[in-house]
Asker: 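After the structure tokens below, expect a handful of questions from me.
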Amino acid sequence: MARVALVTGGTRGIGAAISKALKAAGYKVAATYGGNDAAAQKFKEETGIPVYKWDVASFEACAAGVKQVEADIGPIDVLVNNAGITRDTAFHKMTLQQWNEVINTNLGSLFNMTRQVIEGMRARKFGRIVNISSINGQKGQFGQVNYSAAKAGDIGFTKALALENAKGGITVNVIAPGYINTEMVQAVPKDVLEKNVIPQIPVNRLGEPEEIARAVVFLAADDAGFITGSTLTVNGGQYHV
Ligand SMILES: NC(=O)c1ccc[n+]([C@@H]2O[C@H](COP(=O)([O-])OP(=O)(O)OC[C@H]3O[C@@H](n4cnc5c(N)ncnc54)[C@H](OP(=O)(O)O)[C@@H]3O)[C@@H](O)[C@H]2O)c1
């Protein structure tokens, strides 16, 4: 029986590449998204992967959404917590709303989503949870106090949950991507990318979404059971912890 994988934010950017790579590796995949219906519809038509719309920042929406996916496809074996947003601004100008949106979407979502699937994984004695953090959660970034705090939180969440579930056949790992060629990074002005970002990357280019997807497929595999609580940096050599 094919394993079931759910990818949050799985219709665009890094998440879309993850959804496609998991499907190609033989998983039954469900991809969620937050609001961009047109992108989700296009993704569904191109890939045949079913899409589901709900806000990962809402615990109740995650409970209802996961229930629906499990009814449609089956119990979730692999959860990829990928959905994320930025609301960049210097901390002394940051509003409570900018703080809350980023914390709730990028960190709260790990609780909201993982809490729905962990009991089933424990009962079935198998699970793979892969969280998508960021290089900026490891090193900090100007204008991203909210995002860096949330993404650093994703790493702590991963380490603690891995300990609690290590004996139960469940692994919990986190990937910290560097700068990846998606709409999130394309929103950075081109001259800033060329002058300030790419020169900081030893490999001398942005990463591609497929290069993160490859790492997810590796961690999700049945035979990756000895890797847990790990932070995998995929950043072109930009930062070493
Ligand atoms: N791009 C990078 O360089 C980079 C680097 C390090 C880490 N990351 C992390 O990698 C992940 C993916 O980034 P990306 O660049 O692929 O982003 P993206 O292209 O902006 O795509 C984000 C995805 O997340 C979904 N999403 C956002 N907020 C949501 C919410 N509240 N509820 C449900 N879904 C929501 C979006 O849905 P809609 O399509 O409906 O908006 C979309 O599918 C994020 O966690 C990001 O922080 C990215």
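Every heavy atom of this structure was used, including side-chain atoms; hydrogens, water molecules and symmetry mates were not. In each ligand, atom 1 is the first atom listed, and ligand 1 is the first ligand listed.
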Asker: Counting only heavy atoms and a distance below 4.0 Å, can you name the residues contacting ligand 1?
Answerer: Gly9, Thr11, Arg12, Gly13, Ile14, Tyr33, Gly34, Gly35, Asn36, Trp54, Asp55, Val56, Asn82, Ala83, Gly84, Ile85, Thr105, Ile132, Ser133, Ser134, Tyr147, Lys151, Pro177, Gly178, Tyr179, Ile180, Thr182, Met184, Val185

Asker: Quick check against the 3.5 Å criterion: does Thr228 have a side-chain atom that pairs as donor or acceptor with the backbone of Val172?
Answerer: yes

Asker: Take Gln68 and Asp72 through the side chain to side chain donor-acceptor pair (under 3.5 Å) test and state the conclusion after the steps.
Answerer: CA-CA 6 Å; Gln68 186 63 53; Asp72 293 349; 3.0 Å; yes

Asker: For residues 214-224, which residue pairs qualify under side-chain hydrogen bond (donor to acceptor under 3.5 Å, both in side chains), counting only residues two or more places apart or in two chains?
Answerer: Arg3-Asp222

Asker: Are there over 12 heavy-atom neighbours, none belonging to Lys53, within less than 6.0 Å of that residue's NZ?
Answerer: yes

Asker: Name all residues meeting the salt bridge (Lys or Arg N to Asp or Glu O under 4.0 Å) criterion together with Glu183; count only those two or more places apart in sequence or in a different chain, and write none if there are none.
Answerer: Arg12

Asker: Please list all pairs meeting side-chain hydrogen bond (donor to acceptor under 3.5 Å, both in side chains) that have one or both residues in residues 104-118, counting only residues at least two apart or in different chains.
Answerer: Asn81-Thr114, Arg115-Glu119

